[in-house]
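First comes the structure, then the notes that go with it.
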Amino acid sequence: MPEKFLKPYDATATESRIYATWEKSGLFNPDECVKQGVTKADAPTYSIVLPPPNVTGRLHMGHALMLAVEDIFIRYKRMRGFRTLWVPGTDHAAIATQSVIEKQIKKEEGKSRHDLGRDEMLKRIGTFAAESHDTIVNQLKTMGASLDWSREAFTLDPARSHAVRTVFKQMYDAGLIYRGLRIVNWDPKGQTTISDDEIIYEERVAKLYTFRYSKDFPIPVATTRPETKVGDVGVAVHPDDARYAAFVGKEYDAVFCDVPIHIKVVADKEVDPTFGTGAVGLTPAHSKIDWDIADRHELSHEVIVINEYAKMTVAGRLKGKKTTEARDLVVEWLTSEGLLEKEEETKQNVATAERTGGIVEPLPKLQWFIEVNKEVPGRGKTLKELMLEPVRSGAIKIVPEHFEKTYFHWIENLRDWCISRQIWYGHRIPVWYKGEEIVVGEAPTDDGWVQDEDTLDTWFSSGLWTFSTLGWPEQTDDLNNYHPTDLLETGYDILFFWIARMVLMTEFTLGTIPFKTVYLHGLVRDAQGRKMSKSLGNNLDPLDVAAKFGADAARMALIVGNTPGTDMRISEEKIKGYSRFANKLWNIARFILENAQQADLQAPLSASDTELLATLEALTKEMTTDIEEFRVYMAAEKIYHYAWHELADKILEESKPLLAGTDAAARASRARVLLTLLDRVLRLLHPFMPFITEEIYQSMPSKETEFLMVATWPT
RNA sequence: GCGCUCUUAGCUCAGUUGGUUAGAGCGUCCGCCUCACACGCGGAAGGUCGCAAGUUCGAAUCUUGCAGAGCGCACCA
C-alpha cells in the first residue's frame with residue numbers, strides 16, 4: 001500500500017496534480033481517445049457545448065453547478081465508450097462586459113466612453129476580457145471539467161464572427177432581417193436599446209391624472225405621464241362606448257402647455273372602456289401601444305417630444321427639461337388652466353433596464369429586427385413556428401418537463417426581436433452604406449462605404465453557439481459528427497434568452513435542432529435561501545471552496561438532493577460534509593489495499609461474496625437508469641450511501657474477522673471481492689468525484705486502463 | 001389578468017410509473033480514541049407528508065376545492 005494512504009486525504013494538492021495529468025494525456029479530446037485505442041473509431045458520439053461564461057469577471061456557484069452536471073454526463077458517456085466531446089468557450093457578453101468597464105473607467109478616471117472614443121474603449125474592454133478569460137479557464141479546470149481545450153471558442157473570435165456575418169446575410173437575404181423605425185426600449189442611462197427580456201418591471205405608486213386638452217375638448221383623458229401629452233395626435237375610445245360615439249372621427253386643435261397639438265378621435269377595440277375615463281390619449285412616438293393604434297388609424301408617428309437623454313424637445317416652457325420635471329410643469333399648467341379634473345393614486349409597473357437600472361423610455365428608432373411571424377422561404381413556416389415545433393413534437397425534450405409550457409407561453413407572446421444595440425463591444429452589424437446603396441455580409445473592398453455604427457445583441461452570436469463552435473459555415477467533420485448536440489444544460493433563467501434563440505438560429509441556418517435534450521438547473525442560493533450577490537457578501541467563490549474542501553466535495557454538495565429546475569441552497573457545512581466523505585473513501589481504499597493488495601483475482605468466490613457483487617450490480621443498474629433519465633442527484637446519493645453505509649459500515653466490518661481468520665478460502669474470496677467492490681465503486685463514483693477516484697485508482701494493483709476516466713462503466 | 005412551481009423530521013431536501021414499519025444530510029441527545037478513518041464508530045429521540053373532500057382494496061404520490069410561499073409572462077393609457 002502506498003504511503004500516501006497513511007495521511008488524511010489532501011484534496012487540494014491532489015486535484016491540481018490529477019487535472020494536469022489528465023490534460024497531458026489528451027483524453028479530453030475524443031479524437032485522441034480513438035487514437036489511443038480507448039474509444040472505438042466508429043463509436044456513437046455524445047456532445048455538449050459549454051454554455052459560455054461571460055467574460056465579466058469570475059465564475060460563481062451557479063457555474064460550478066452547471067459544470068458538475070455537465071461533467072457528470074460527459075464522464076459517464078466517455079466511460080460508456082462514446083466518442084464524447086465537451087466544447088469549452090466564453091461569451092463576450094456585449095452589454096454586460098462593456099458596462100463593467102464603463103463603470104470602472106467612470107469611477108477611476110471620471111471619463112465616459114465617448115471621452116475615450118470607440119477604438120480606445122474597445123482596447124480597454126479587450127484587455128479586461130482577456131484577463132477574465134484566463135481566470136475563468138483556471139476556474140473551469142479547478143472544478144475538474146473534462147473539456148476539450150483544443151476546441152475552445154469565443155463568441156467574438158474570428159471564426160465565430162464569420163459565422164455571425166454569414167447568418168446575418170442569409171437571414172437578410174431571406175427577408176427575415178429588416179431595418180425599421182419602431183418603438184424600442186431605450187435605456188437613457190446606458191444610451192442603448194434593450195430587448196423586451198432585458199427589462200425588469202418595478203411596481204411603483206404613480207399618480208393618474210384626469211384632464212382635458214383644452215376647455216372645449218369633449219373627452220376627459222387619464223394619464224400617468226402628462227409630459228408626453230404634448231406629443232399626442234389622437235384620442236382612442238372603444239367602438240362600443242356610447243359616451244364618446246358622437247366624437248369619433250372628429251378633429252380638434254389645441255395649445256397644450258405652449259405646444260400646438262392636433263387631436264383626432266378614433267375608435268379602437270384595444271381600449272378598455274372601464275379603465276380611467278375609457279379614453280386614451282395617443283402618443284405614438286413614446287408608447288408602443290399608442291404606436292400600434294396610431295398605425296391602424298393612419299395617425300402620424302412623427303411627433304417626437306422626448307430625446308435619448310429623456311429630455312423634452314418641444315418649444316416653450318418644457319424645452320430641455322427632464323421628463324420628471326416636465327411632468328410637474330404640465331400638472332401645474334393644467335391646474336392653473338382649470339383643465340385638471342382628477343388626481344388619484346394608482347399602482348404602476350415601471351420598466352427599468354436590467355443592467356443599468358435606468359427607467360426605460362419608449363422611443364421610435366431605426367433599428368434592425370428579426371421578423372418572427374413571417375414565413376421562412378422554403379420552410380413554409382414562420383420562425384415562431386419553427387421554435388415551437390421541435391419541442392411540441394418531442395424532438396427536443398426539456399427537463400424538467402413543465403418548463404415546456406413556459407417555453408410555449410413565451411414564444412406565443414413573442415414579438416419581432418430587436419437585434420441592434422447602440423454599444424461598441426460586440427459584433428458590428430455587417431451592413432455597409434454608400435448613399436442609397438447597401439452591402440450586407442462581408443465588407444466591400446472599394447472606397448466610400450460606411451459601416452453601420454451599431455452592434456448586434458449578444459444573444460445573436462450565442463444563438464449560433466452549438467454549430468459555430470463546431471466550425472460552421474465550413475462543413476467540418478465535427479459538425480457532421482457532433483451536431484445536433486445531445487445535451488444543453490443551463491439555468492432556467494436563460495430559457496428564453498438563449499435556448500429559444502438557439503432553436504430559432506439553428507432551425508433557420510441548418511434546418512435542424514441544436515440539441516436533443518435541455519436540462520435546466522435551478523438557482524444556487526445561500527444557506528438562508530437568498531440570492532448570492534456582491535452587495536450581500538454571501539458569495540461563495542468556487543475557487544475558495546475548492547481550495548478549502550476540494551472540488552469533488554463541492555460537486556457532490558451541488559448535486560445531491562438537487563432536482564433539475566429547482567432552486568437549491570448551498571452552505572459551507574454541506575460541502576464540508578462531502579469533504580469528509582472523500583476522506584472516508586480514502587480510508588476505505590486504505591483498508592482494502594492494506595488487506596487485499598496481494599489478493600488472488602482468480603480465487604473462487606464464496607456464496608456470500610457472490611451476493612455482495614450481485615447487490616452492487618443491482619445498484620449499478622439503478623444508477624445507470626438514473627443517469628440516463630437525468631436523475632443525477634439520485635445516482636449520486638445512492639453511490640454515496642452505498643460506499644459509506646454498505647461498503648464501509650457493513651462489509652468492511654464483517655470482513656475484519658474473516659480476513660484475520662484461519663479459513664484460507666474465505667480469506668482469499670473476501671480479499672478478492674473487496675478489491676472488486678472498490679474498483680466498481682471508484683468507477684461508479686468517478687463522474688461525481690473525479691479527482692479522488694482517479695487518485696485511488698492510480699494505486700490499484702491492477703488497472704483496466706491507465707486512467708480511470710476512460711475505464712469502462714460497470715454493468 | 002394568463003401560466004408554472006412549491007408546502008414531507010428542528011433546518012435543507014429526496015421520495016422515478018399510487019403498494020409492505022415515509023428516507024438522507026446537517027442539527028439534537030447518550031455512549032465510545034474498537035488495530036481503515038475522531039474528517040471517525042455505535043445507539044436514540046424526532047413526521048396526523050399545508051387543510052378539506054373525492055377516486056381506489058390501498059394515496060405523501062391521482063382529482064377537486066381552500067390556505068400560504070415563490071417564480072415567469074403580459075400589462076391600463
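By convention in this document, chain letters (A, B, ...) are assigned in the order of the sequence lines, proteins followed by strands, and residues within each chain are numbered from 1.
The side chain to side chain donor-acceptor pair (under 3.5 Å) analysis of residues 559-576 of chain A, with sequence neighbours excluded, yields the pairs A:Tyr492-A:Asp567, A:Arg525-A:Asp567, A:Lys548-A:Glu572, A:Thr563-A:Thr566.
In the model, A:Thr224 has a side-chain atom that pairs as donor or acceptor with a side-chain atom of A:Gln348 under 3.5 Å. A donor and an acceptor atom, one from each side chain of A:Tyr213 and A:Asp232, are located under 3.5 Å apart. No side-chain N or O of A:His641 forms a donor-acceptor pair with one of A:Glu646 less than 3.5 Å apart. Side-chain atoms of A:Thr382 and A:Asn373 form no donor-acceptor pair, as typed in the model, at a separation below 3.5 Å.
When distances are taken from the side chain of A:Met634 to each of B:rA77, B:rG15, B:rA36, the shortest belongs to B:rG15. The nucleotide whose nearest atom lies closest to any side-chain atom of A:Gln348 is, among B:rA77, B:rC75, B:rA36, B:rA77. Comparing atom distances between the A:Thr406 side chain and each of B:rA36, B:rA77, B:rG72 picks out B:rG72 as nearest. Closest approach to the A:Glu594 side chain among B:rC73, B:rC41, B:rA36 is made by B:rA36 (side chain taken as heavy atoms from C-beta onward).
For A:Asn413 and B:rC73, a side-chain-to-base donor-acceptor distance below 3.5 Å is absent, hydrogens and geometry of angles not being considered. The base of B:rU16 sits within donor-acceptor range of the side chain of A:Arg631, with an N or O pair under 3.5 Å. For B:rC37, the base has a donor-acceptor partner in the side chain of A:Lys584 [N/O atoms by modelled type, under 3.5 angstrom].
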Using the 3.5 Å cut-off, write out each protein N or O paired with an N or O of nucleotides 22-29 of chain B and the distance between them.
residue: B:rG25; atom: OP1; partner: A:His645; partner atom: NE2; Å: 3.3

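Among A:Leu487, A:Ile398, A:Ile396, A:Leu488, the single residue meeting the side chain to side chain contact (heavy atoms under 4.5 Å, CB included) criterion with A:Thr517 is A:Leu487.
For A:Arg555 against A:Phe688, the heavy-atom pair with the smallest separation is NE-O, 3.1 Å.
Phosphate proximity of B:rA36 to A:Lys656: present, with a side-chain N or O under 4.0 Å from OP1 or OP2.
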For RNA chain B, what is the dot-bracket line, given that a base pair needs Watson-Crick (N1 to N3, plus N6-O4 or O6-N4) or G-U wobble (N1-O2 and O6-N3) geometry with both distances under 3.5 Å, and | means paired with another strand?
(((((((..((((.....[...)))).(((((.......))))).....(((((..]....))))))))))))....
